[in-house]
S.K.: 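The structure is given below, and queries will be raised subsequently.
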Amino acid sequence: GQRAARRDGLWSAGVPPTEQPLFGLQRSDHLESPSADRRPDPVVDVDALRGGYLGLLVDLGEGFWSLRGSLRLGGLVDIGTQCALVRLASGNFVFLDSYPLTDAIRAQVDALTDGGTKVEAILNLHPFHTLHCEWMHSAFPQAKLYGTARHVDHLPELPWETLRCEHDALAELYAEDFAFSVPRGVTLVSDDESVHFSSVLALHRASGTVHVDDTFVYLRKGFPLSLLPFTGRFGFHPTLAKALEPRAGAADEFREWAIELGIDWADAGCIAAAHNALLPLDAEELPELIGAALGRVKPVLDAHRAEYG
């Protein structure tokens with residue numbers, strides 16, 4: 001079924017790109033197959049890939065391909081990034097977010113999308129993920145270009161569509177294929193440009209994949225990032241305290257949003273996190289993970305209530 005296919009696709013992701021296809025990944029002969037009742041531990045970790053890592057296109061099944069990318073802070077620490085290619089029920093495709101494709105991955109994408117002609121839109125979901133929007137537009141100029149209000153302000157020379165990714169009308173436009181959610185109680189675009197907490201989260205209905213930039217993080221890194229308390233654990237981006245709106249009720253609104261998301265998206269089968277890994281989920285696991293994450297940020301929410309009400 002759908003979730004078994006996802007397990008197979010993720011299981012061999014630690015094999016170098018030169019040793020296997022970059023999409024529709026085959027299970028590596030030297031890895032033991034996961035049991036049928038439990039998905040394998042998440043395995044996509046850019047530091048664990050041997051040699052020449054430029055990107056990995058992981059087939060999560062049911063028309064969702066996650067491109068695992070590289071993003072180095074200060075040119076040193078690679079925290080990873082992502083975009084996704086998604087096949088719509090119509091047979092056309094969209095990209096979620098922007099990232100430059102290697103020649104090898106572009107060839108795979110062209111094979112899937114009839115030379116790129118079936119890519120109908122690029123949806124840029126995080127207001128601060130703007131580095132590669134120009135490249136993506138130049139690579140797929142026929143695709144409608146959607147972004148948040150900050151994308152439009154930051155890159156006014158690009159031909160943005162009128163609808164913004166945070167608008168309900170865009171969610172309605174793609175409602176057959178996706179559910180979208182914008183966190184409540186936090187600012188989507190903070191005045192502090194180091195605060196990248198909020199984004200537009202996307203659930204692909206067919207594959208059960210949640211594509212999320214920053215709001216949720218699942219970081220799998222080696223030393224020294226392995227020393228961080230949130231490495232290897234699903235949780236909220238560490239800038240939550242600065243992202244909460246400075247007003248009464250914001251902390252409660254955020255908590256209620258997170259609980260509702262866990263309930264509404266309880267059947268999700270995988271988290272694709274920009275920073276930096278894929279997290280396969282068991283049925284009904286997402287509400288538990290969100291509940292645990294809320295428990296860990298309770299002091300942050302309590303402190304906000306104490307100050308603002």
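Any value given below was found using the heavy atoms of this structure, including those in side chains, with hydrogens, waters and symmetry copies removed. Predicted model, so just to flag it, every value in this text is computed and none were measured.
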S.K.: Is the side chain of Q82 donor-acceptor paired with the backbone N or O of S66 at a distance under 3.5 Å, no angle test?
M.R.: no

S.K.: Taking the side chain as every heavy atom from C-beta outward, state whether L170 and F178 have any atom pair closer than 4.5 Å.
M.R.: no

S.K.: Does the side-chain contact (heavy atoms from CB on, under 4.5 Å) test come out yes or no for V186 and L240, once each step is laid out?
M.R.: CA-CA 8 Å; V186 293; L240 173 60; 4.0 Å; yes

S.K.: V94 vs Y174, test: side-chain contact (heavy atoms from CB on, under 4.5 Å). Steps then yes/no.
M.R.: CA-CA 10 Å; V94 298; Y174 283 102; 3.9 Å; yes

S.K.: Same hydrophobic cluster for I259 and L201, using side-chain heavy-atom links shorter than 4.5 Å among ILVMFWY?
M.R.: yes

S.K.: As a test of understanding, state which of V217, L278, V212 forms a side-chain contact (heavy atoms from CB on, under 4.5 Å) with I271.
M.R.: V212

S.K.: Could you give me the CA-CA distance, side-chain angles and deciding distance for C133 and W160, then say whether side-chain contact (heavy atoms from CB on, under 4.5 Å) is met?
M.R.: CA-CA 11 Å; C133 295; W160 300 102; 4.2 Å; yes

S.K.: Between H204 and H211, is the side-chain contact (heavy atoms from CB on, under 4.5 Å) condition met? List the steps.
M.R.: CA-CA 8 Å; H204 179 231; H211 178 98; over 6 Å; no

S.K.: So, D302 and R305, do they make that salt bridge, N to O below 4.0 Å?
M.R.: yes

S.K.: Do the side chains of V109 and W135 join up, straight or via other hydrophobic residues, at under 4.5 Å, putting them in one cluster?
M.R.: yes

S.K.: Minimum heavy-atom separation for R255 to L301, with atom names?
M.R.: CB-CD1, 4.2 Å

S.K.: Check for me whether the distance between the ring centres of F93 and F140 falls short of 6.0 Å.
M.R.: no

S.K.: Between T113, V86, I122, which is the residue that forms a side-chain contact (heavy atoms from CB on, under 4.5 Å) with F95?
M.R.: I122

S.K.: Do D177 side-chain atoms and A89 backbone N/O form a donor-acceptor pair below 3.5 Å?
M.R.: yes

S.K.: Do P159 and H137 have side chains that get closer than 4.5 Å, going by heavy atoms?
M.R.: yes

S.K.: Which atoms form the tightest heavy-atom contact between W257 and S181, and what is the distance?
M.R.: NE1-OG, 2.7 Å

S.K.: Taking all non-hydrogen atoms of both residues into account, name the closest pair between G116 and D110 and its distance.
M.R.: N-OD1, 3.7 Å

S.K.: Is I263 reachable from L261 through a run of hydrophobic residues whose side-chain heavy atoms are each under 4.5 Å from the next?
M.R.: yes

S.K.: Any donor-acceptor pair under 3.5 Å linking the side chain of H151 with the backbone of T148?
M.R.: yes

S.K.: Taking I105's backbone N and O only, do any of them form a donor-acceptor pair with T102's side chain (distance below 3.5 Å, no angle check)?
M.R.: yes

S.K.: Mark yes or no for whether R164, through its side chain, and R150, through its backbone, hold a donor-acceptor pair below 3.5 Å.
M.R.: no

S.K.: Looking at T209, is its backbone amide N or carbonyl O close enough to the side chain of E62 to form a donor-acceptor pair, meaning the two atoms are under 3.5 Å apart?
M.R.: no

S.K.: May I ask you to test the E157-L155 pair for a side-chain heavy-atom distance under 4.5 Å?
M.R.: yes

S.K.: What distance separates L88 CG from E176 CD, expressed to the nearest 0.5 Å?
M.R.: 8.5 Å

S.K.: Between S199 and D213 (side chain of the first, backbone of the second, donor and acceptor by atom type, cut-off under 3.5 Å), is there such a pair?
M.R.: yes

S.K.: Under 3.5 Å, side chain of D59 to main-chain N/O of W65, donor-acceptor pair present?
M.R.: no

S.K.: Looking only at non-hydrogen atoms, find the nearest pair between L96 and A202 and report the distance.
M.R.: CD1-CB, 4.3 Å

S.K.: Specify the closest pair of heavy atoms between P299 and R296, including all atoms of both residues, with the distance to one decimal.
M.R.: CD-O, 3.6 Å

S.K.: Between Q142 and V119, is there a donor-acceptor pair closer than 3.5 Å when you use the side chain of the first and the backbone of the second?
M.R.: yes

S.K.: State, yes or no, whether a side-chain contact exists between F216 and L279 at a heavy-atom distance under 4.5 Å.
M.R.: no

S.K.: Do the non-hydrogen side-chain atoms of Y146 and L173 ever get within less than 4.5 Å of each other?
M.R.: yes

S.K.: Do the side chains of R87 and K118 get nearer than 4.5 Å, heavy atoms only?
M.R.: no

S.K.: Decide yes or no for F180 and C165: does some side-chain heavy atom of the first lie under 4.5 Å from some side-chain heavy atom of the second?
M.R.: no

S.K.: Any side-chain heavy atom of C83 sitting closer than 4.5 Å to one from M136?
M.R.: yes

S.K.: Between the main-chain N or O of D252 and the side-chain N or O of H304, is there a donor-acceptor pair closer than 3.5 Å?
M.R.: no

